Amino acid sequence: MEKVIDESIQGSTLNTESVERNARKLYIESYGCQMNFSDSEIVASILAGEGFNTTSELEEADLVLVNTCSIREKAETTVRKRLEKFNAVKKSKPHMKVGVLGCMAERLKSQLLEEEKIVDMVVGPDAYKDLPNLVREIDEGRNAVNVILSKEETYGDVAPVRLNTNGVTAFVSITRGCDNMCTFCVVPFTRGRERSRDPQSVVQEVNELWEQGYKEVTLLGQNVDSYLWYGGGLKKDFEKASDIQKATSVNFSGLLAMVAEAQPRMRIRFSTSNPQDMTLDVVRTMAKYKNICNYIHLPVQSGSDRILKAMNRLHTREEYMNLITEIRRIIPDCGISQDMIAGFPGETEEDHQDTLSLMEFVKYDFGFMFAYSERPGTMASRKLEDDIPEAIKKRRLQEIIAMQQKHSLYRTQQHLGKVEEVLIEGPSRKSDAHWMGRTSSNTVVVFPKKQYQVGQFVMVSIKDCTSATLLGEAVGLAENSN
Ligand code: SAH
Ligand code: F3S
């Protein structure tokens with residue numbers, strides 16, 4: 001590992017040595033998107049340099065951190081319940097400190113600390129490098145807050161400490177923040193402006209993961225298609241870049257190709273794609289490299305042009321359908337998943353029917369479906385009344401979920417009788433005698449373990465399915481396996 005988090009200690013010895021020396025215990029919980037789980041690995045790395053080893057036992061922790069999500073009200077309620085629990089434990093362990101990280105820290109700033117007094121430390125998503133100072137502050141009995149958002153921070157120079165890892169799949173973040181300003185979404189406020197990470201540091205992290213035995217990476221960003229590296233700086237300032245910077249810039253399809261070529265046997269995934277920014281270049285790059293998985297998470301949120309416009313999603317229903325058609329033309333067996341919001345302000349029954357008919361058109365493999373939750377500070381909360389009654393939101397959401405279940409089953413059935421390449425991720429949750437893995441299209445496959453091992457690519461003959469899982473039998477190692 002060449003990346004160091006403390007310049008006084010060089011090279012790969014850093015983490016092992018400091019981990020051996022470390023005396024204090026860090027307990028960290030993460031909520032929300034994959035990016036938060038990835039950020040927690042950066043936080044664990046930074047704190048490893050400050051004398052902390054992670055523990056899975058809350059009771060033995062010196063420092064308890066919760067990496068939080070603000071995307072819907074329910075996400076915040078869940079975190080608040082955890083904070084109550086941590087405070088209850090803290091009563092009998094006065095030396096224990098509690099800190100809040102991530103989007104709730106950014107959204108509520110010092111409120112949790114000064115008004116509600118339920119935490120000792122508040123750290124926003126761009127301030128993790130300040131953790132050594134902030135921890136010193138709380139060690140000395142003072143409260144600590146840093147919620148400054150950055151124009152440059154990508155943590156590209158921090159080697160994450162992999163947490164809860166299966167040793168096979170890992171996340172690598174490539175962008176931070178989001179410039180899209182969807183009117184319902186709190187992310188642009190909590191995670192700041194969009195910036196991209198140096199492609200060399202992305203490739204280096206992927207190389208290191210391969211050397212450590214990982215077999216699959218997911219490149220992460222709120223909107224990966226918008227990735228643009230031109231030597232640093234915000235995406236929105238690209239126009240001001242020099243000619244040389246422009247000529248040597250790397251976009252998302254360029255980055256995908258770099259990563260795919262650097263590790264031709266590593267599976268590459270990415271998330272999340274945005275229909276307004278996704279180019280066919282990206283789809284062609286996926287088709288060109290065998291190791292880039294045939295799977296796209298392509299949230300649409302609504303099938304109604306009127307609602308898409310009110311959401312500030314900068315594409316129409318027709319443009320989205322054309323993109324789907326092109327994806328299927330270039331990659332016929334591409335897995336496609338969605339995010340949907342039911343009951344956005346002003347949504348009529350007709351708008352809702354448009355969502356259902358768009359779903360019929362795409363027949364997504366799976367999806368993440370939510371009832372609209374008004375978030376303070378967003379454009380929708382300022383300009384639009386949250387006027388769809390809860391009962392109607394719920395009913396529409398149920399209809400969307402039921403339709404998705406039908407399509408999921410339709411999609412899993414298409415795999416029956418085929419032999420698919422599967423990367424073994426670990427034991428099946430339901431049976432210790434079975435492995436669980438995924439196809440390139442991201443469908444979960446469960447099959448008897450036989451002589452196979454975690455991290456191997458195996459060919460699995462698909463015999464049966466539910467709407468969520470394929471059931472099969474391994475028939476041999478894949479060409480790709482070692
Ligand atoms: N581009 C991001 C989106 C993050 S939010 C990404 O990486 O996936 C994830 C999903 O939460 C969104 O796609 C949307 O469907 C949902 N969501 C966001 N804000 C919401 C709100 N206010 N109410 C309900 N669902 C919301
Ligand atoms: Fe949110 Fe839209 Fe960005 S959903 S994260 S503002 S693409």
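Treat the numbers as computed from the prediction; the structure is a model and nothing was measured. Position 1 is the first residue of the sequence, and the numbers go up from there.
Salt-bridge formation is detected for the pair R195/D126: a Lys NZ or Arg NE/NH1/NH2 atom is positioned less than 4.0 Å from an Asp or Glu carboxylate oxygen. One finds a salt bridge joining E205 and R197 here, because a Lys/Arg side-chain nitrogen approaches an Asp/Glu carboxylate oxygen to under 4.0 Å. Looking at E473 and K450, a side-chain N of the basic residue comes within less than 4.0 Å of a carboxylate O on the acidic one, giving a salt bridge. Using a 4.0 Å cut-off between charged side-chain N and carboxylate O, R284 and D281 make a salt bridge. Remark: R438 does not engage E216 in a salt bridge, criterion side-chain N to carboxylate O under 4.0 Å. Under 4.0 Å is where a charged nitrogen must lie from a carboxylate oxygen, and between R191 and D39 at least one such pair does.
Considering all non-hydrogen atoms of both residues, F361 and T325 come closest at CZ-OG1, 3.6 Å. Shortest non-hydrogen contact noted between T55 and E60 is OG1-OE2, 2.7 Å. Nearest heavy-atom pair across L423 and G455 is CD1-O, 3.6 Å.
N207 and Q263 share a donor-acceptor pair across their side chains, judged by distance under 3.5 Å alone. Counting only N and O atoms by type, the side chains of T439 and E420 include no donor and acceptor under 3.5 Å apart. T218 and Q34 share no donor-acceptor pair across their side chains, judged by distance under 3.5 Å alone. For the 3.5 Å distance criterion, the side chains of S70 and T190 fail to qualify, holding no donor opposite an acceptor. Q204 and E208 form a side-chain donor-acceptor contact under 3.5 Å, judged by distance and modelled atom types alone.
Between the side chain of R82 and the main chain of E29, no donor-acceptor pair closer than 3.5 Å is present. Looking only at distances, a side-chain donor or acceptor of N291 sits under 3.5 Å from a matching main-chain atom of A260. Side-chain N or O atoms of Y452 include one that pairs as donor or acceptor with a backbone N or O of G476 at under 3.5 Å. Judged by distance alone, with hydrogens and angles left aside, the side-chain atoms of R411 form a donor-acceptor pair with the main-chain N or O of K363 at under 3.5 Å. Checking side-chain atoms of K449 against main-chain N and O of D432 turns up a donor-acceptor pair under 3.5 Å. A distance-only check finds no donor-acceptor pair linking the side chain of R375 to the backbone of F184 [under 3.5 Å]. Judged by distance alone, with hydrogens and angles left aside, the side-chain atoms of N180 form no donor-acceptor pair with the main-chain N or O of C182 at under 3.5 Å. Between the side chain of Q404 and the main chain of Y364, a donor-acceptor pair closer than 3.5 Å is present. Side chain of R317 to main chain of T355: no donor-acceptor pair is present (N/O by atom type, distance under 3.5 Å, no hydrogens or angles). Under a 3.5 Å cut-off, the side chain of N274 and the backbone N or O of N223 do not form any donor-acceptor pair.
Counting heavy atoms from C-beta on, the side chains of K430 and V446 never come closer than 4.5 Å. Looking at V43 and V123, their side chains never come closer than 4.5 Å, going by heavy atoms from C-beta outward. Contact annotation: the side chain of T68 never approaches that of E76 to less than 4.5 Å [non-hydrogen atoms, C-beta and beyond]. Between V206 and M266 the shortest side-chain heavy-atom distance falls below 4.5 Å. The shortest distance between side-chain heavy atoms of S173 and Y155 does not fall below 4.5 Å. Taking 4.5 Å as the limit, every side-chain heavy atom of L63 sits out of range of all side-chain heavy atoms of R24. The side-chain heavy atoms of I327 and L298, taken from C-beta on, include a pair separated by under 4.5 Å. Annotation: side chain of R265 is not in contact with side chain of F457 (no heavy-atom distance under 4.5 Å).
In the displayed structure, I148 atom CD1 is contacted under 6.0 Å by at most 12 heavy atoms of other residues, nucleotides or ligands. K246 NZ: more than 12 foreign heavy atoms inside a 6.0 Å radius. For E73, the CD atom sits in a loose shell: 12 or fewer heavy atoms of surrounding residues, nucleotides or ligands are nearer than 6.0 Å. Around atom CG of N322, more than 12 heavy atoms belonging to other residues, nucleotides or ligands sit under 6.0 Å away. Counting non-hydrogen atoms of neighbouring residues, nucleotides and ligands closer than 6.0 angstrom, the NZ atom of K74 reaches no more than 12 such neighbours.
You'll find the ring centres of F270 and F252 inside the 6.0 Å limit.
Taking the six-membered ring where the residue is Trp, Y295 and F366 present parallel rings, their angle staying beneath 30° rather than reaching 60°.
Tested against V119 for a side chain to side chain contact (heavy atoms under 4.5 Å, CB included), the candidates L65, V98, V64 yield a single pass: V98. Screening T175, D277, N251 for a side chain to side chain contact (heavy atoms under 4.5 Å, CB included) involving D225 leaves a single residue, D277.
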